[in-house]
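Take a look at the structure set out below.
Start at 1 and go down the list; that is how both ligands and their atoms are numbered. A quick note: this is a predicted structure, and the numbers were derived from the prediction, not measured. Values below: every heavy atom of this structure, side chains too, minus hydrogens, waters and symmetry copies.
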Amino acid sequence: MKKTVLIVYAQPEPSSLTRHLVHQGIELLQKRGHDVLTSDLYAMNWKAVYDADDFPERADVRRLSFIDESRHAHKNGFQTPDVVAEQNKLLAADAVILKFPLWWFSMPAIMKGWVERVYAYNFAYGYQDAGNAFRYGDGILKGKRAMLSVMCGGPAEDYSLRGINGPLDELLFPITHGILFYPGMDVLPTFAIYGTGRLDAAGLEAAEKGWRARLERLFEDKPIAFRRQNGGDFPDRHILADNIAPGRIGIAAHIAE
Ligand SMILES: Cc1cc2nc3c(=O)[nH]c(=O)nc-3n(C[C@H](O)[C@H](O)[C@H](O)COP(=O)(O)O)c2cc1C
């Protein structure tokens, strides 16, 4: 069935692996009959810094409360057009892919700035002005799929379970769980390429093949089993029930067996 896929990416260099795989991905998805929306953040000259310019019509000019101003702007139609355009792309998408080179164990600043500015109050948080009622599995983006596609300079061993950098899935938890799952999306396992600086022709071919395979299964692969806030595991919406994953702590406790 025809779907709409949004790819948000952050790498300006034409010869980068990020852009190479974005172009291949667009081609593949379109060939399969899907609509592809893109946000090429560097080409858009995306304003990365969340500041007072995001609120041209202030609720309170004396003190800049980002949350109060975001609520005011979202409710009254005062959001900036670039933010509204990105929110509309998110709403139109059936799947959202964030594609970036790993920079200091996270997304490049321009993409973090996309999240900070686009994820408005009553949109990605404070949904329906209902405090924390809708989050982690529920929210405005519920029913959509999401996936990270991350290019890592370091070798796979460094990101393995006992690797020196820490496991990639744990490093990216703030994004998969905190940014994608929070407003309700089903998050697929991350697609990662390691050792990007040392890729030979065979490595590149394997990377392209792996990427194509993941895109072909974008609407079939099983999401990460993050525990939903409103699914019963968090009776008070804050802390896991004692009988859920007893003895497990930290990030591991967030994933259902
Ligand atoms: C500012 C900066 C920070 C980086 N931080 C990391 C890092 O934390 N871990 C890592 O494995 N590689 C890191 N790298 C290497 C990039 O991940 C690597 O250049 C990228 O995977 C290449 O893909 P690209 O061609 O799409 O940019 C960093 C590179 C830059 C420029």
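Checked by atom type, the side-chain pair Lys112/Ser106 shows no donor-acceptor distance below 3.5 Å.
Between His177 and Tyr136, the distance separating the two ring centers is shorter than 6.0 angstrom. In this structure, Tyr125 has its ring center closer than 6.0 angstrom to the ring center of Tyr121.
One hydrophobic cluster holds both Leu204 and Ile26 under the rule that ILVMFWY side chains link at heavy-atom gaps under 4.5 Å.
The residues lining ligand 1, counting any heavy atom closer than 4.0 Å, are Gln11, Ser16, Leu17, Thr18, Pro101, Leu102, Trp103, Trp104, Phe105, Met151, Cys152, Gly153, Gly154, Tyr159, Thr196.
In this structure, Lys47 is not positioned above the aromatic face of Trp114 in the sense of NZ or CZ being under 6.0 Å from the six-membered ring centre and within 45° of the axis.
Aromatic ring orientation, Phe78 versus His72: tilted (interplanar angle from 30° to 60°).
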